[in-house]
Asks: 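Structure incoming, see below.
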2 protein chains.
Amino acid sequence: MSTKNSTKLKNAKAVAERAGVSEMTVSRFFRNPDLLSDDTRQRIADAVAAFNYVPNRMAQNLRNTTSDICALLVPTVTNSVFVDVISEMSIELEKVGFHVMVSSTGYDMEKEAQLLDTVMSFRPAAIVMPGLEHLPAIKERLRELTIPVVEIMDLTSEPIAYGVGFDQHVAQAALMEHLWSKGYRKYGFVGTFLDHDIRAAKRKDAASAFLKCHGTKFLAESVLDIGSSPEVGMCAMAGMFEQLEHLDVLICSNDDIATGVLTFLHEHGIDVPGQIAVVGFNNLHFSAHLTPSLTTIDTRRPQIGRETARLLVDLLQGREPKNRIIDTGFELFARDSA
Amino acid sequence: MSTKNSTKLKNAKAVAERAGVSEMTVSRFFRNPDLLSDDTRQRIADAVAAFNYVPNRMAQNLRNTTSDICALLVPTVTNSVFVDVISEMSIELEKVGFHVMVSSTGYDMEKEAQLLDTVMSFRPAAIVMPGLEHLPAIKERLRELTIPVVEIMDLTSEPIAYGVGFDQHVAQAALMEHLWSKGYRKYGFVGTFLDHDIRAAKRKDAASAFLKCHGTKFLAESVLDIGSSPEVGMCAMAGMFEQLEHLDVLICSNDDIATGVLTFLHEHGIDVPGQIAVVGFNNLHFSAHLTPSLTTIDTRRPQIGRETARLLVDLLQGREPKNRIIDTGFELFARDSA
DNA sequence: CTGAAAGCGCTTACAG
DNA sequence: CTGAAAGCGCTTACAG
């Protein structure tokens, strides 16, 4: 593990020497410049500029036993579902001087456990991660942390400490209600990765529960286990080609899968929604621009990011937030595909 | 700025006390467990487990004047152009114990300058950022850094130290060549944000240069200045509706814009590519699934991420890399839209 | 195989 | 308005 590298930027001592003052005074220059005489301040400013000096945050944090890092654990950063949250959250938190450090678990709970060690080694001021399913050992550890833990995306069960997101069950049920009211009765399911993507699995459960309530069930399913992408959607679709004629609507585990499903159906000359309807989940940026435009649930990711940031700012500044749980809701986008 | 928060995780001293050893021995437990007696090792392991102790990386880095953070500056994380790079890079770098810290400049060069201070305060082991246009002051500062600076995405000009990416000019020229060879002669341009997105601006220049060589030029342009998204593409398109009949192909500054352009044309009953052809740039994940599927340039982002990581690992482990500049190339995807 | 001393780069608390 | 001392949590280099 000789993977470390030395970084030799000037330190406060060097700046102090050049400006003819003590280290302490350099420190004051950054935290309380008003306390310095004009002359001193100017000399330090010159030295700082000459060296492009910036105080070492590691040292600051260490000395103050504080941290200005917020750790964010997500399954992946290549899915805009998480990126939209990260982006908004970072913007808000950076305004108040915090830095967001993102780590990806790759939808792997074992890796999540391991990453938690890595993350804690940075002594973050707070931890944000998708709720609410974790290994029991992780859950226990999270519970014992003295820093704020915010679980995002999923409010289906009780958060460890704080939660921001929406209820996957309720959202999927709203989508099902829409389809039922439009007269669709013969449902098929196309999805992937349900063993790892717990939120997708919950949505499928919610859909099944809805159908059961209405005296039916999924008449056909195709579930793969290799991540979400349009291409995987096409593969999954190919796997249930024969059963398509018995269905009038396809529930996809998310918009990525639905995208591939639409492509597959288009390539096979099957009209959507004429012969079969299709719905996704998430409302990605391009979902309105598919042909036909995709009916889906918008999960308000920017709001999740913003509310999480707001919650964290309260917590980190020592204010007790009004609510432990913030439901950011969702919105049904009924477009052309169903 | 009382935005800091204390994190009270146990320290090595507490672990040492519980295990009945010195701090030093705890330190050895993590770096050289073989040096310890079985009994000592076991007692420390128990204490570590009891406290969920993880060494404080800030303190380690400070003591060793090292850093295991790689700083990555990108214009935005909501664009998969950068996310794909980040993702691959992180995976590779984490394998060798480095952590990638991502910061967004929001396509703002002033903010980039400011962010550089923030980033340097973490004393990163290396800096990665999109090349190669920066404020002169930034460029000067980057040049003076003793840590590796890798510029990614764009190899159009000479990098400060190291470069990984492709030549925007060459890639756009290849796209133009394809269109010309297919017989398109009346070109229009639809884009946005060219003052900020320097790479997009370079592509437009390359396209203009190509047309000039062939004795023509853009017969119509619509350029907005509000970021890239399908919706912006639709707006831009609306702005040149009247001129469409004089054109046979539309060059879009990227796939996001092209997506909106396709939607606009579809909504107005204009056939693509029958009445007018459309091309984008980047090959986003859904571009093959638009209707018609989008002809574009794939920019091999995962390769850029992987090669950058490989380069960094060499540099950070003190090996001189074979090449200062790595051209990851590009690939033309000639699909249905042109 | 294990430990006491010193120091990484800062800042707090005290002193003047 | 400015500075000397002490310590945040580690690890290196030395000693035994």
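A quick note: this is a predicted structure, and the numbers were derived from the prediction, not measured. Lettering follows sequence order; numbering is per chain, from 1.
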Asks: Between A:V26 and B:L35, just flag the one whose closest nucleotide in DNA chain C comes earlier from the 5' side.
Replies: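 Counting from the 5' end, the first nearest nucleotide belongs to B:L35.
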Asks: Within 45 degrees of the axis of the six-membered ring of B:Y53 and under 6.0 Å from its centre: does B:K10 put its NZ or CZ there?
Replies: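 B:K10 over B:Y53 ring: no.
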Asks: Counting only heavy atoms from other residues, nucleotides and ligands, does the tally under 6.0 Å from NZ of B:K139 exceed 12?
Replies: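 Count over threshold, so yes.
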Asks: Counting distance alone, no hydrogens or angles: does the base of C:dG3 have a donor or acceptor under 3.5 Å from a partner atom on the side chain of B:R28?
Replies: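 Between C:dG3 and B:R28, which were checked side chain against base, a qualifying N/O pair under 3.5 Å is present.
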Asks: Can you tell me if A:N61 touches the phosphate of C:dC10, counting only side-chain N or O atoms and a distance under 4.0 Å to OP1 or OP2?
Replies: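 Indeed not, no polar side-chain atom of A:N61 lies that close.
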Asks: Roughly, in whole Å, what's the span from CG in B:N32 to C1' in D:dT12?
Replies: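 Nearest whole value for this atom pair: 12 Å.
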Asks: Using a cut-off of less than 4.0 Å, is there contact between a side-chain N or O of B:T25 and OP1 or OP2 of C:dG3?
Replies: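 Checking C:dG3 against B:T25, a side-chain N or O does come within under 4.0 Å of OP1 or OP2.
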Asks: For A:Y53, which contact category applies under a 4.0 Å heavy-atom criterion: base, sugar-phosphate, or nothing?
Replies: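 Counting heavy atoms under 4.0 Å across all strands, the contact made by A:Y53 is with sugar-phosphate only.
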Asks: Please determine whether a side-chain nitrogen or oxygen atom of A:Q60 lies at a distance below 4.0 Å from atom OP1 or OP2 of C:dC10.
Replies: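 Indeed not, no polar side-chain atom of A:Q60 lies that close.
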Asks: The side chain of B:N56 lies closest to which of these nucleotides: D:dT12, D:dG9, C:dC10?
Replies: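 Shortest atom-to-atom distance from the side chain points to D:dG9.
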Asks: Take atom CZ of B:F122 and atom P of C:dC10, then tell me their distance rounded to the nearest Å.
Replies: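 Whole-Å distance recorded here is 14 Å.
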Asks: Salt bridge or not between B:D117 and B:R141? Use side-chain N to carboxylate O under 4.0 Å.
Replies: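 Counted as a salt bridge, because a side-chain N and a carboxylate O are separated by less than 4.0 Å.
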Asks: May I ask you to verify if any side-chain N or O of A:T65 is less than 4.0 angstrom from the OP1 or OP2 atom of D:dG9?
Replies: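 Result: no.
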Asks: At less than 4.0 Å, is any side-chain N or O atom of A:R63 found next to OP1 or OP2 of D:dA6? Yes or no.
Replies: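 So the side chain of A:R63 is outside the cut-off, no N or O lying under 4.0 Å from OP1 or OP2 of D:dA6.
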Asks: Rounded to whole angstrom units, what separation is found between the CZ atom of B:R41 and the P atom of C:dC1?
Replies: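 So the CZ-P distance, B:R41 to C:dC1, works out to 9 Å.
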Asks: When you measure from the side-chain N and O atoms of A:N11 to the phosphate of C:dG9, is any distance below 4.0 Å, counting only OP1 and OP2?
Replies: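 For C:dG9, OP1/OP2 do have a side-chain N/O of A:N11 under 4.0 Å.
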Asks: Using heavy atoms to find the nearest nucleotide of DNA chain D for B:L62 and B:R31 separately, return the residue whose nucleotide is more 5′.
Replies: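 Its nearest nucleotide lies further toward 5', so the answer is B:L62.
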Asks: Starting at atom CG of A:N64, determine the distance to atom C1' of C:dG9, rounded to an integer number of angstrom.
Replies: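 Taking atom C1' of C:dG9 as the reference, CG of A:N64 is at 12 Å.
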Asks: Provide, to the nearest angstrom, the distance between the NZ atom belonging to B:K13 and the P atom belonging to D:dG7.
Replies: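 After rounding, the reported distance stands at 10 Å.
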Asks: First locate atom CE of B:M58, then atom OG of A:S121, and finally report the distance between them rounded to the nearest 0.5 Å.
Replies: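 Reported to 0.5 Å precision, the distance equals 8.5 Å.
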Asks: B:D34 has an atom CG; how far is it from atom P of C:dC1, in whole Å?
Replies: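 Rounded to whole Å, this separation is 9 Å.
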Asks: Could you tell me the separation between the CZ atom of A:F29 and the C1' atom of C:dC10, rounded to a whole number of Å?
Replies: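 Interatomic distance, CZ of A:F29 to C1' of C:dC10: 16 Å.
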Asks: Which base, if any, makes a Watson-Crick or G-U wobble pair with D:dG3, both distances under 3.5 Å?
Replies: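 Matched D:dG3 with C:dC14 under the 3.5 Å cut-off.
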Asks: Taking 4.0 angstrom as the limit, do B:R310 and B:D314 come out as a salt bridge?
Replies: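 A salt bridge is absent here (no side-chain N lies under 4.0 Å from a carboxylate O).
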Asks: Is any NZ, NE, NH1 or NH2 atom of the basic residue among B:K13 and B:E23 found under 4.0 Å from an Asp or Glu carboxylate oxygen of the other?
Replies: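 No salt bridge links B:K13 with B:E23.
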Asks: Can you see if the side chain of B:S22 gets near the phosphate of C:dA4 - specifically, an N or O under 4.0 Å from OP1 or OP2?
Replies: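 For B:S22, the contact criterion (side-chain N or O under 4.0 Å from OP1 or OP2 of C:dA4) is not met.
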Asks: Using whole Å, what does the distance between atom P of nucleotide C:dG9 and atom CD of A:E23 come to?
Replies: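 Taking atom P of C:dG9 as the reference, CD of A:E23 is at 9 Å.
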